[in-house]
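Quick notes on the structure that follows.
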Amino acid sequence: MFGTVLIANRGEIALRVLRACRELGIRTAVVYSTADLDSTAVRLADQAVLIGPAASRRSYLNAAAIVEAARLVGAQAVHPGYGFLSEDADFAEICADNGLTFIGPPPRVMSALADKSSARALMSRAGLPLPPGSVAPVPTAADAARVAAEVGYPVIVKAAAGGGGRGMTVVHTPAELPRAYARTRAAAQVAFGDDRVYVERYLTGARHVEVQVLCDAHGNGVHLGTRDCSVQRRHQKLVEEAPAPALSAGTLEAIADCALRGALDVGFTGAGTVEFLVDAEERFHFLEINCRIQVEHPVTEMITGVDLVHEQLHVAAGVPLRWRQDDIRPHGVAIECRVNVEDPDRGFAPTPGRLERFVPPGGPFTRVDTHGHPGYVVSSHYDSLLAKVAVWAPERELALNRLERALGEFDIAGPGVRTTIPFIRRVLDDPGFRKGRYCTGLVDQLLAVSSPELRRNP
């Protein structure tokens, strides 16, 4: 096992990795920007290294500064968390070139899966079903129109190098396509430095279902069941649960088996997530593979008892996978919501500021992952995620009630600070959501209905 791990991230995920390392007897070092000088991760780490100013491109995205910090503290490995450089194959290669273990898949695998067109081709060869559309990028608007005519409208134009919910445009009619195609290519070039796009059928009323996988460098792998992540706004998840509700056991098993087959086929190692779209007839289609720990990993941990960050560290150290598929026995239901410092009544605009009050909930089977505390200043420079509240119960109705109870206990206040809690409580009250029968359009449906509840700030 490693002697020292450098944590190349911030916020709640930096704390999550730090705690896992400490439990395994691994010394921890964290990098931080000037905006995070007083962060909890800096306070708890064995060592902390300032790597730059608040702007992420000059700190958390500065690969050279992170590698130099790893050298300074004598780290053998770098854990990237999620976001920032976590799926950057070039950074993983730089780590390897400098004698550092990147805690994630090999650079060649990351590179192949980061390109959505390449990932689609690889998964198609592995036998995973794809949504109707182009496997390779479409070089012209005329090519895009031909694909759209073949698969039928609506279609979605996606950036081949996209991620994080960016670089996607839904197109409902042929007249909209030329402009949407040009706009998506331009946006992809700005965001990713790569303007290639592909076109596929947009599945209306679909659900977003993903599978957690763990694979080692010795050809072993397991899946840890499904999660439903359909409650999204602008392709960013707000509520996640495990297992995915209201799907047949046969469908859940088939999705999980496909996910593991695809991950093993491309030589994936570590913890990853294979994502699918599932239509009303329970037909499922491959979407993408994420090569990192997911924000929503706590719900899988709660139903399986497997510590995913522990497993990441063991696999990265070369230890054969400690689990067989028969050992993975999911039990009960876990639901997580993301508490973002945003105002749902103003288009989920971020509302950074100082927290005068911050009292997270407690109680049975309730987990809160957060870096917040009274006096903490939520920065405008980074993602607005402040906390994740996850609950477990033996059955879904009790889990929903438990999450509602926990959110009612959460006390967050500060000048100008708003959170997504009132909106999440609307989601929990929605009849379709309560029945487990909802899709990726749920948030838009709720936003279309004006409600004074959105103006409550817990």
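Here the structure is a predicted model, which means the values were calculated and not measured. Values below: all heavy atoms of this structure, side chains included; hydrogens, waters and symmetry mates excluded.
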Taking 4.0 angstrom as the limit, do [X] and [Y] come out as a salt bridge?
X: D115; Y: R196; result: yes
X: R357; Y: D411; result: yes
X: D216; Y: R322; result: no
X: E288; Y: K158; result: no
X: D88; Y: R292; result: no
X: R120; Y: E200; result: yes
X: R367; Y: E336; result: no

Between [atom1] on residue [X] and [atom2] on residue [Y], distance to nearest 0.5 Å:
X: T184; Y: I156; atom1: OG1; atom2: CD1; answer: 8.5 Å
X: L442; Y: L238; atom1: CG; atom2: CG; answer: 9.5 Å
X: F268; Y: L214; atom1: CZ; atom2: CG; answer: 9.0 Å
X: D307; Y: Q312; atom1: CG; atom2: CD; answer: 9.5 Å
X: F84; Y: I13; atom1: CZ; atom2: CD1; answer: 12.0 Å
X: L264; Y: T269; atom1: CG; atom2: OG1; answer: 11.0 Å

Note, [X] side chain near [Y] side chain (heavy atom, < 4.5 Å):
X: E409; Y: T366; value: no
X: L321; Y: H218; value: no
X: S56; Y: H381; value: no
X: M123; Y: I289; value: yes
X: V295; Y: K237; value: no
X: L100; Y: F102; value: no
X: F91; Y: L61; value: no
X: I412; Y: F358; value: yes

Which atom names give the shortest non-hydrogen contact between [X] and [Y], and what distance separates them?
X: I328; Y: H223; value: CG2-O, 3.7 Å
X: A41; Y: L18; value: O-CD1, 3.8 Å
X: F2; Y: L313; value: CE1-O, 3.7 Å
X: L122; Y: A112; value: CD1-CB, 3.8 Å
X: P105; Y: M110; value: O-SD, 3.5 Å
X: D38; Y: H373; value: O-NE2, 4.2 Å

Problem - Polar side chain donor-acceptor pair, T273 to R227, under 3.5 angstrom - result: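 T273 vs R227: donor-acceptor pair found between side chains.
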Handout entry: V197/V138 under side-chain contact (heavy atoms from CB on, under 4.5 Å): CA gap, chis, key distance, verdict
Key = CA-CA 6 Å; V197 298; V138 287; 4.2 Å; yes
Exercise for the section: For the pair E342 and R234, evaluate salt bridge (Lys or Arg N to Asp or Glu O under 4.0 Å) and give the outcome as yes or no after the intermediate values. Expected result: CA-CA 14 Å; E342 299 172 351; R234 298 195 295 270; 5.9 Å; no
Exercise for the section: Go through the steps for H285 and R201 under the test side chain to side chain donor-acceptor pair (under 3.5 Å), then give the verdict. Expected result: CA-CA 11 Å; H285 311 268; R201 181 88 160 93; over 6 Å; no
Practice task
Dump the intermediate steps for side chain to side chain donor-acceptor pair (under 3.5 Å) on T300 and Q212, then the final yes or no.
Solution key: CA-CA 8 Å; T300 294; Q212 179 72 60; 4.8 Å; no
Could you tell me whether a side-chain N or O of [X] sits under 3.5 Å from a main-chain N or O of [Y], the two making a donor and an acceptor?
X: R233; Y: G347; answer: no
X: T420; Y: F423; answer: no
X: S134; Y: V199; answer: yes
X: N9; Y: P80; answer: yes
X: R185; Y: D195; answer: yes
X: Y198; Y: A160; answer: no
X: E87; Y: L85; answer: no
X: S59; Y: I51; answer: no
X: T34; Y: A54; answer: yes
X: R22; Y: L44; answer: yes

Exercise for the section: Decide side-chain contact (heavy atoms from CB on, under 4.5 Å) for F410 and T419; before the verdict, give the C-alpha distance in whole Å, the side-chain angles of both, and the deciding distance to 0.1 Å. Expected result: CA-CA 11 Å; F410 217 142; T419 77; over 6 Å; no
Practice task
Evaluate the ring planes of F433 and Y438, with Trp represented by its six-membered ring, and classify them as parallel (under 30°), tilted (30 to 60°) or perpendicular (over 60°).
Solution key: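 Aromatic pair F433/Y438 classed tilted.
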Decide if atom [atom1] of [X] counts as having more than 12 heavy atoms of other residues, nucleotides or ligands within a radius under 6.0 Å.
X: R58; atom1: CZ; answer: no
X: R179; atom1: CZ; answer: no
X: F365; atom1: CZ; answer: no

Exercise for the section: Start with the C-alpha gap between L428 and L407, add the side-chain angles, then the distance that decides, and say whether side-chain contact (heavy atoms from CB on, under 4.5 Å) holds. Expected result: CA-CA 11 Å; L428 299 182; L407 291 177; 3.9 Å; yes
Handout entry: Pair Y32-Y60, ring-ring contact (aromatic ring centres under 6.0 Å, His included): steps then yes or no
Key = CA-CA 8 Å; Y32 68 97; Y60 298 107; 8.7 Å; no
Handout entry: Working for salt bridge (Lys or Arg N to Asp or Glu O under 4.0 Å), residues K388 and E296
Key = CA-CA 8 Å; K388 304 182 309 196; E296 59 270 21; over 6 Å; no
Practice task
Take V211 and L260 through the side-chain contact (heavy atoms from CB on, under 4.5 Å) test and state the conclusion after the steps.
Solution key: CA-CA 8 Å; V211 178; L260 181 58; over 6 Å; no
